[in-house]
Protein chains: 2
Amino acid sequence: MTAIKESSTIQENKQYALEKCPVTFVMEKIGGYWKPIILYQLSTGHKRYSELKRAIPAVTEKMLIQHLKQLEADGLVIREAKPVVPPFVTYRLSKAGEGLIPVIEAVASWAFKMKDGVFDVESLE
Amino acid sequence: MTAIKESSTIQENKQYALEKCPVTFVMEKIGGYWKPIILYQLSTGHKRYSELKRAIPAVTEKMLIQHLKQLEADGLVIREAKPVVPPFVTYRLSKAGEGLIPVIEAVASWAFKMKDGVFDVESLE
DNA sequence: ACAAGTACTTACCCTAAAGTATGTATTATG
DNA sequence: CATAATACATACTTTAGGGTAAGTACTTGT
């Protein structure tokens with residue numbers, strides 16, 4: 001995890017937004033490119049690390065654990081490791097993470113409506 | 001708008017994910033730091049450009065119009081300009097943009113639950 | 001005559017996020 | 001004895017997004 005220059009403007013902005021805007025607060029937690037995808041994968045149940053890798057072929061291993069670790073640190077996913085060799089590690093949503101399922105569903109539902117052209121029926125309003 | 005190197009890996013990844021993952025599709029549209037905030041502001045009704053500026057003090061003008069233009073190009077917001085001086089320009093959600101309100105509400109609702117500690121009641125599951 | 005307000009535009013810079021590549025420990029199996 | 005499989009770690013590089021600063025056009029107010 002890279003160090004954060006405390007005086008950078010974007011960090012000040014983030015600080016501001018965190019307090020003022022709930023949407024931004026959430027983006028701090030699940031923003032970034034891969035986190036929503038990972039959460040989406042976990043929303044259907046627990047998965048092994050290697051299963052996640054296969055489920056999201058485009059993600060690099062670095063990105064995958066990096067975000068899993070962050071999601072764990074934020075209390076959104078729970079990591080469970082069996083002390084065996086080869087390692088057996090599963091990830092699943094915590095209660096807080098499960099609270100995001102409605103968000104993910106709302107997002108997915110909108111995406112499907114967009115693809116089905118539900119919104120473009122009447123001109124381009 | 002900066003040019004996009006067409007052979008960069010991240011763009012290929014985005015291409016992949018766009019087809020496979022609805023969540024990612026949405027992130028392409030409303031991802032980035034400011035877009036959700038702007039949409040959140042517009043979810044309560046139309047606003048002038050200058051009103052948006054005041055409503056989101058931390059945003060720079062460059063970011064604000066840049067994202068407004070993108071949202072407009074993506075058909076999520078509608079720009080209306082009165083041919084007067086000084087200019088009078090308002091932005092509002094399109095039908096597709098309004099379709100995002102449930103998403104924004106789900107996000108906001110989760111944020112408030114997080115702040116109220118709804119999810120940490122029983123240990124740290 | 002000059003500042004102020006509105007809605008932008010543009011050139012340049014900086015940083016955080018993402019990507020590349022390689023390495024680690026442990027055990028089973030051929 | 002070397003390879004495979006799993007779940008990571010880490011050094012180094014690239015890039016896309018965001019930030020800074022300044023300018024434009026047009027009119028009203030002082």
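For the numbers below, each heavy atom of this structure counts, side chains included, while hydrogens, waters and symmetry mates do not. Quick note on labels: first sequence line is chain A, next is B, and so on, each numbered from 1. Keep in mind the model is a prediction, meaning the values are calculated, not measured.
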Between [X] and [N], does any side-chain N or O lie under 4.0 Å from OP1 or OP2?
{"X": "B:Y91", "N": "C:dC8", "answer": "yes"}
{"X": "B:H67", "N": "D:dG18", "answer": "yes"}
{"X": "B:K62", "N": "C:dA11", "answer": "no"}

Given 3.5 Å as the limit, does a donor-acceptor pair link the side chain of [X] with the main chain of [Y], or not?
{"X": "A:S94", "Y": "A:G75", "answer": "yes"}
{"X": "B:W34", "Y": "B:T60", "answer": "no"}
{"X": "B:E51", "Y": "B:R48", "answer": "yes"}
{"X": "B:K35", "Y": "B:L71", "answer": "no"}

Rounded to whole Å, please give me the gap between [atom1] in [X] and [atom2] in [N].
{"X": "B:Q70", "N": "C:dC8", "atom1": "CD", "atom2": "P", "value": "15 Å"}
{"X": "B:Y33", "N": "D:dG19", "atom1": "OH", "atom2": "P", "value": "8 Å"}
{"X": "A:M63", "N": "C:dA21", "atom1": "CE", "atom2": "P", "value": "15 Å"}
{"X": "A:F88", "N": "C:dT26", "atom1": "CZ", "atom2": "C1'", "value": "17 Å"}
{"X": "A:Q66", "N": "C:dG19", "atom1": "CD", "atom2": "P", "value": "10 Å"}
{"X": "A:L64", "N": "D:dT6", "atom1": "CG", "atom2": "C1'", "value": "13 Å"}
{"X": "B:M27", "N": "C:dA17", "atom1": "CE", "atom2": "P", "value": "16 Å"}
{"X": "A:I65", "N": "C:dT22", "atom1": "CD1", "atom2": "P", "value": "17 Å"}

Which residues within residues 46-54 of chain B lie with some heavy atom under 4.0 Å of an atom in DNA chain D?
->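 Those residues whose heavy atoms fall under 4.0 Å from DNA chain D, taken from residues 46-54 of chain B, amount to none.
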Which other residues end up in the same hydrophobic cluster as A:F88, if Ile, Leu, Val, Met, Phe, Trp and Tyr are linked when side-chain heavy atoms come under 4.5 Å apart?
-> A:V84
B:E61-B:Y49 side chain donor-acceptor pair, cut-off 3.5 Å = yes
Can A:K29 and A:Q70 be counted as having a side-chain donor-acceptor contact under 3.5 angstrom?
-> no
For B:T90 and for A:G32, locate the closest nucleotide of DNA chain C by heavy-atom distance; then report the residue assigned to the nucleotide nearer the 5' terminus.
->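 Result: B:T90.
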Nucleotides 22-30 of chain D: protein proximity per nucleotide (B base, S sugar-phosphate only, - neither; heavy atom, under 4.0 Å) | ----BS---
Given side chain to side chain contact (heavy atoms under 4.5 Å, CB included), test A:W110 with B:L100 step by step and report yes or no.
-> CA-CA 7 Å; A:W110 184 80; B:L100 280 168; 3.5 Å; yes
Are B:M27 and A:I101 connected, step by step, through hydrophobic side chains (Ile, Leu, Val, Met, Phe, Trp, Tyr) whose heavy atoms are closer than 4.5 Å?
-> no
